[in-house]
Amino acid sequence: MPSGSKVLKLAAVALLAVAVLAFPSIAPNPYILSAGVLVVYYAVLATSWNFVGGFTGYISLGHGALAGLGAYSTGILVAKAGLPPFLALAAAGAFVGLLAVPIGLAALRVRGASFVIVSISLVLILLLVFQSWSSVTGGSRGLVVPRPFQLTRPEHHRIFYFLFAGLLALAVLAWWLIDRSRFGLGLKSIREDEDKAEALGTATYAYKLIVFVVSAVFTALAGGLYALWFGDLDPVFQFSILTGSYLVLMALLGGVRQLFGPVVGALIVGIALEFFKVEYGDTPLHLVATGLLLALVVLFMPDGVLPAIADLIKRFGRSDRTSIREVSAAELREQRLQNAGGTK
Amino acid sequence: MTLETTGLSKAFGGVTALDGASVSFHQGEVNALIGPNGSGKTTYFNCVTGMIKPDGGTVSYQGRDLTGKAPHRIARAGIGRTFQLCRTFPRMTALENVLSAVPPTGLIGGLRSARGRAEIERAMGWLTRLGIEHLAGSEARDLSWGQQKLLELAGVLMAEPETVLLDEPAGGVNPALLDRIGVLIRELNAEGRTFVIVEHNMDLVMSISDHIVVFDRGRPIAEGPPSQIRTDERVLGAYLGV
C-alpha cells in the first residue's frame, strides 16, 4: 500500500506535468512562450548537470561547453553537411558522448576545487577553438542553422517547447532510474567519501566516467535542440562560463539530492533571469542578482529549496515522529522509573 | 598461501615510513601488527590495500600479485579494511552504508534496484549481529563514535572478505564495547576469517591474537605468539627505550 507521502509526491509530479503541458496554451503571447522554451531548456541542462553534480558531488562549471559542443555539432551537420535536422541532433549527441570519454578521463583524475578549475578551462579552450576555426564554425560571425520546420514563429516556439519537455522527461526518468539503482548508490558513496568507496570495492573512476558520459549526452542533446530552435550560434554565448554557473545555481537552489530539484531551480532562476533582462536591459545587474542569490542559497539553504520546504511541512505536520535521541531519552526515563519501582 | 609482503618500502619526502618490510601473515588466524607510533603500521596497511603505491617491494595474496593494484581490485580479491579514523558515509543511512559495500558489476547488475530484498536481508543481518539494527534508518552522521565504528565494520563484513584488516578497532571505544569487539573478532575468526589488526591496546592484542608482528622504524623486528612477544627484549626496547 502506498504511504501518504508517496501519494503526495505522485500528486505533485502529476501537477507539475500538467502545468508544464498546459503552459503553451495559456501563454498570453509568443514572447512569454519563448521565455518558457528557454526555462525548459535550462531545466534539461540543470537536470543533465545533476547526473554528475548531484550523484558524485563533482561541481562542473564546464557543462556550458558540452551544450555548446552539442549545439555546434548539430548546427554544422545541418548547415554544412546537409543532414536532416533530427538525424544531426542524434549524431551530435553520440559524438559528444564519445568526446566525453577522453575529456572525462582527464578531468575526473582530480577532485574538489581542481576539478572545478579543469572544467572552467574546458570552456575557455573551446571558446578559443570555435572563435578561431572560422572555416568550419563561422568564427565570431556565428553560425546560422536552418530551421527544421516551415512554421510561424509562435508555432515554432510551441513545437520546440514540447520537444524540450520530452527531453526533460527522458532526463528526469534516467536520473530517477540511476538514483534508485545499485550503480546510483555507488555514485553517492563517491560523493560521501571517494577513498572509502574505493576501499569497499567500488571502481570509482569507471563509475564517475560512465555518469559523466550520460550527463554529457543529455547536455549535448539539449544544446543541439537549442541550435535548431534558436537558429543562430555565437561562440561567446555557447562557450560561456556563465551558462555553467547558472546550472550550478539552479541545481543547488532546487536541491541536488532531489529528482526535481534542478527543474524547480531552473524555474526560479530562469524566470528571474528573463525578468532582470526585461526590466534592466543590458546592464550587468542580472549578474549581481544571480551572484547574490547563489550566496544566499549556499549560506541559508545548502540543501536547496525542496528539502527546506519538506522540512517545513514536517514541522507543521509533526505527530508521533521524533528523532532517535528523543526516543532513547524517553526509554531511559521509563527504565529509570521501572528500576526505581523495583527497588522500592 | 596468504597475505605476504616482501621488501615493501615507502618514503614520504625524506621520511622513510616503510623500510623493506617483509611480512607473512598466518591464514585463518588473528594476526596483530603492533609497534610504536610512526613505526609504519598504517602506511603498511595503505600499501597493502592499494591506497598508496609503495616505492618498492611486492604484495601478494593467495599467490596473486597485488602490488600497485587499484584499491577496489584488492577489495574484490577478498581483503576488507577499516580506517584508523573510522570512515562511514555520513549522509547515508546505516542500511545504505552497508548496502554500498557490494558494488555491482556489469550494466544489468548496476541498474538493479539498490534495495533488493536479498541484499537488505543480508545487510540487516550484519547490523543485527553488530547490535545496531535499530539504527538502520538513521544517517551515519547522527550515530555515536562507537556506533560508527560498528557500522564501518558491518559494511566491510557485508562484502564477505576472507581477510579483514582493522586499523585500531579499539581507538576511542568504551570498555564495554571494547570487550564486545574482542569477542566479535574471535567469533568471526572462528567462522574462517583471517584478521590483521593494528592496535595500541595491549590487553586486547594479547588476549585475542594468535600471532603478533612487531614493527619498528618501518620494518618487522620480531614476530611470534603473544607469550613470546611479551618477553622479547627487542620489543621492550622499541616500546620502552631500554
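Each chain gets a letter, A, B and so on, in the order the sequences are listed, and its residues count up from 1. Computed from a prediction, not measured in an experiment: that's the story for all the values here.
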**Study point:** Contact class of B/Thr49 relative to chain A, heavy atoms under 4.5 angstrom
**Key:** neither
Review point. Side chain, backbone, both or neither: which part of B/Met51 has a non-hydrogen atom closer than 4.5 Å to chain A?
Key: side chain
Check your understanding: Is the count of non-hydrogen atoms from other residues, nucleotides or ligands lying under 6.0 Å from A/Arg257 atom CZ greater than 12?
Key -> yes
Point to revise | Atom of A/Arg182, atom of B/Val102 and distance for their closest heavy-atom approach | key: NH2-O, 3.0 Å
Exercise for review: Check whether B/Leu99 gets within reach of chain A through its side chain, its backbone, both or neither, counting any heavy atom under 4.5 Å.
Suggested key: both
Study note, to complete from the structure: On a heavy-atom basis, the closest approach of B/His72 and A/Thr202 is CB-O, 3.3 Å
Revision key, fill the gap. Under 4.5 Å to a heavy atom of chain B? For A/Tyr207 that would be side chain
Exercise for review: Mind running salt bridge (Lys or Arg N to Asp or Glu O under 4.0 Å) on B/Arg91 and A/Asp193 for me, showing each step along the way?
Suggested key: CA-CA 10 Å; B/Arg91 295 201 55 180; A/Asp193 185 338; over 6 Å; no
Revision key, fill the gap. Of all heavy-atom pairs linking B/Ala75 and A/Ala199, the shortest is CB-O, 3.3 Å
Review point. Which atoms of A/Ala206 come close to chain B, meaning under 4.5 Å heavy atom to heavy atom: side chain ones, backbone ones, both, or neither?
Key: neither
Practice item. Provide the closest heavy-atom pair for A/Ser189 versus B/Ser100 in the form atom of the first, atom of the second, distance. Key: CB-CB, 4.3 Å
Exercise for review: Would you name the heavy atoms of A/Asp195 and B/Phe83 that are closest together and state the gap between them?
Suggested key: O-CZ, 4.5 Å
Review point. Is there side-chain contact between B/Met92 and A/Lys188, with heavy atoms separated by less than 4.5 Å?
Key: yes
**Study point:** Atom CZ of B/Arg73: over 12 foreign heavy atoms under 6.0 Å
**Key:** no
Revision key, fill the gap. Between the CG atom in A/Leu185 and the CZ atom in B/Phe89, the distance rounded to the nearest 0.5 Å is 8.5 Å
**Study point:** More than 12 heavy atoms from other groups under 6.0 Å of OH on A/Tyr205
**Key:** yes
